S.K.: 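Sharing a structure, written as C-alpha cells. Questions coming.
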Amino acid sequence: MIRTLLILLLCFSYFNSLAKANNIIFDKPYQIDVTKIKKEKKEINYSLNEFLNYVEKSLSETNTILIPENATEFESCLFTARRLQHNDSHLVSIRNLKYLLEFEYYREHNEKLYLKLLIATSLNYLGSPHVAHVYLKGVFPTLTNNINNEKIISHLTNEYASFLLRIDSASTANKVYLANLKRYINSNDSLEIFNTRNNLGFSYYKLGMYDSAKIYYHLNQKESTRFLNPILYAFAFGNYGAALFQLGKEDSAIYYLKKEISLLKQLNTTEGMTNALTVVGKAYEKKGNLDSASHYFHKALVLGKEKNNLDVIVDNYKNLIRIYSIDEDDPLLNFILKKYFNYNDSLQNKKELRLAKEEAQIPKYLEIFTETEESKERNDKLKINNRELIYTTIALTLIILLLMLLVFFYKKNRKKLKGKNIELQKSYKTISESNNRNEVLLKELHHRVKNNLQIISSLFNLQLNIDQLDPKTEDVFRDAKNRIYS
C-alpha cells in the first residue's frame with residue numbers, strides 16, 4: 001500500500017507539472033495573462049452589454065476608457081484593446097484582439113463577433129477596408145440583435161455602413177442607414193435622425209439615385225436641424241444643390257450651393273466650403289458663364305491652398321485649365337498649367353507616400369496574424385502532445401495499479417493457502433494417528449475373535465473325543481467345527 005501511495009503521488013506531481021506546462025504556451029509580450037484568463041473563463045463581471053455601456057459612459061465623461069478594478073483578466077484585455085483603439089494604437093490593439101480571438105478566450109458568441117468588429121475597425125483605420133470587411137462577415141446583424149442599447153446599436157451599424165461605403169458597397173450601406181433611421185425615429189433622437197438622413201442622401205448620391213438623395217437632403221432643411229446642428233443644416237442645402245447639378249438643373253443647383261456658402265460664412269467655418277465653391281464653378285461652366293466659373297474655381301483654389309488640401313488644389317487647377325484652354329492665347333494658361341503640374345506632382349507624391357505607409361502597415365499586421373496563427377498551431381500541437389502524454393501516463397498508472405492489486409491479492413491468498421495447508425497437515429496428522437489407533441484396535445479385535453473361535457473349536461474337539469457320541473451328533477459337531485475353521 002505504501003508503494004501504491006508513492007506511485008499515486010508521483011503521478012499527481014507529473015500531472016501537475018503537465019498542467020503548468022500547458023499554461024506556458026506563449027511568451028507574454030502583450031501583457032495577456034493566459035493562466036488567469038483560463039482560470040476565470042466562466043467568470044463574468046461585465047457582460048458585453050455592460051461592457052459597451054461602460055465604454056460609452058467612460059468616453060462621454062472622461063474622453064478615455066477607464067479599466068474597472070473588478071474586471072476579469074479577459075475583460076481587462078478587452079478594455080485595454082478598446083482604449084488602445086481610442087488612442088490610435090491600432091497595431092497593438094489588433095495584436096491583443098487577435099490573440100483573444102484565435103485562442104477562443106471569449107466567453108460567448110457575441111463577444112467573438114465584437115472582437116471581429118474591433119479588429120475590422122483598426123484595419124479600416126490602417127487603410128485596409130477590404131481586409132476589414134472580411135472580418136465583418138457574419139457580424140451584422142447577429143451582434144446588434146443581442147445588444148440592448150439602441151444608441152450603441154446605431155453607432156456600431158453606422159461604423160459598418162462607413163466600411164461599406166469605403167469598399168463601394170453603397171447599396172448595402174443604404175439598407176443599413178435605412179434601418180438606423182427607423183431606429184432613431186422610434187427613439188425620437190432628432191440629432192441622429194438628421195445625421196442619418198444626411199448619410200442616406202450620400203449613399204443614394206453614390207448610387208446615382210439623385211432624386212432619392214434630394215428627398216433626404218430636403219428633409220434636413222428644416223429650422224429644427226439648424227438648431228441642433230447648424231453645419232449639417234448648411235450641408236443640407238449644398239448637398240441638395242449637388243444632386244440638382246447632377247440632374248442638369250444648374251440654376252437651382254447654384255441657388256442652393258450659394259445658400260450653403262452663405263450659411264457656412266455665418267458660422268465662420270470652412271468645412272465643406274471648397275466642395276461647394278467647386279460645384280458652383282462647374283455649374284457656371286456648364287451654363288457657359290466662364291468668368292463666374294473661373295471666379296469660383298479660384299476661390300476654391302485659394303481655400304484649398306490655405307488648408308493645404310492637394311486634392312482640392314489639383315482638381316481646381318484642372319478646372320481652370322479646362323476653361324482657359326478654350327482660348328489658347330490666354331496668358332494665364334501657361335502659368336496655370338505650370339502650377340497644375342507642380343501641385344499634381346506633389347499630390348502624386350503624397351498619394352505615393354500614403355500608399356507606402358499603408359503598404360508598410362500591411363506587413364506589420366500580417367506579421368501579427370502569422371504570429372498568432374503560429375502560436376495557435378504550437379498551442380494545438382502542445383495540447384495534443386500533452387493529451388497523449390496524459391493518456392499514456394494514465395494507462396501506465398492503471399497498469400501499475402492493476403499489477404500491484406494482483407500482487408497484493410496473490411500475497412493475501414498465499415497467506416490464506418499457507419494457513420489452510422497448516423490446518424490440513426494438522427488434520428492429516430490427527431487422522432493418521434486415529435487410523436493407526438483404529439488399525440491397532442482392529443488387529444486386537446481380530447486376535448481376540450480368533451482366540452475365541454479357537455477356544456470354541458477346541459471345545460468342539462473335546463466333545464468329539466467323547467466315546468458315547470452317536471454318529472448324528474458327531475456330524476453336527478464336525479460340521480460346526482468346519483464352519484468355525486472357515
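Heavy atoms only: backbone and side chains are in, while hydrogens, waters and symmetry mates are out. Keep in mind it's a predicted model, so treat the numbers as computed, not measured.
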S.K.: Taking the side chain as every heavy atom from C-beta outward, state whether N110 and N49 have any pair of such atoms under 4.5 Å apart.
M.R.: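 N110 vs N49: side chains apart.
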S.K.: Quick check: Y125 with H90 (ring centres under 6.0 Å apart)?
M.R.: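 Yes, ring centres under 6.0 Å apart.
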S.K.: S122 and Q85: side-chain donor and acceptor closer than 3.5 Å?
M.R.: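 Indeed, the side chains of S122 and Q85 share at least one donor-acceptor pair under 3.5 Å.
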S.K.: Is there side-chain contact between M404 and I400, with at least one heavy-atom pair below 4.5 Å?
M.R.: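 Result yes, sub-4.5 Å side-chain heavy-atom pair found.
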S.K.: Taking atom types as modelled, is there a side-chain donor on N186 or R183 under 3.5 Å from an acceptor on the other?
M.R.: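 There is no such pair (donor and acceptor under 3.5 Å, judged by atom type) between the side chains of N186 and R183.
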S.K.: Side-chain contact test, heavy atoms from C-beta onward, threshold under 4.5 Å: evaluate it for F163 versus S169 and give yes or no.
M.R.: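 Of all side-chain heavy-atom pairs linking S169 with F163, none is under 4.5 Å.
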S.K.: Kindly indicate, with the supporting measurements, whether the criterion salt bridge (Lys or Arg N to Asp or Glu O under 4.0 Å) is fulfilled by E223 and R226.
M.R.: CA-CA 5 Å; E223 283 295 321; R226 186 174 194 171; 3.8 Å; yes
S.K.: With a 4.5 Å heavy-atom cut-off, do E61 and E56 have their side chains touching?
M.R.: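 Heavy-atom side-chain distance check fails, nothing below 4.5 Å.
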S.K.: Can you find a side-chain donor-acceptor pair between T72 and N45 that sits under 3.5 Å?
M.R.: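 No.
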S.K.: Under a 4.0 Å N-O cut-off, is there an ion pair linking R197 with E192?
M.R.: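 So R197 does not pair with E192 through a salt bridge.
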S.K.: Could you give me the CA-CA distance, side-chain angles and deciding distance for T157 and N180, then say whether side-chain hydrogen bond (donor to acceptor under 3.5 Å, both in side chains) is met?
M.R.: CA-CA 7 Å; T157 49; N180 250 5; 2.8 Å; yes
S.K.: Would you please indicate yes or no on a ring centroid separation below 6.0 angstrom for Y210 and Y204?
M.R.: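 No, the ring of Y204 stays outside the 6.0 Å limit from the ring of Y210, centre to centre.
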S.K.: Of the options F51, Y106, Y135, which is the one that meets Y114 in a ring pair (Phe, Tyr, Trp, His ring centres under 6.0 Å)?
M.R.: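 Result for ring pair (Phe, Tyr, Trp, His ring centres under 6.0 Å) with Y114: F51.
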S.K.: Got Y105 and E111 here, is their nearest side-chain heavy-atom distance under 4.5 Å?
M.R.: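 A side-chain contact is absent here, since even the closest heavy-atom pair is not under 4.5 Å.
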S.K.: Assess the side chains of N158 and N199: does a donor N or O sit below 3.5 Å from an acceptor N or O?
M.R.: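 Their side chains do not contain a donor-acceptor pair, so the 3.5 Å distance test is not met.
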S.K.: With no hydrogens and no angle check, just 3.5 Å: does a side-chain donor-acceptor pair link E444 and H447?
M.R.: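 No, H447 and E444 have no side-chain donor paired with an acceptor closer than 3.5 Å.
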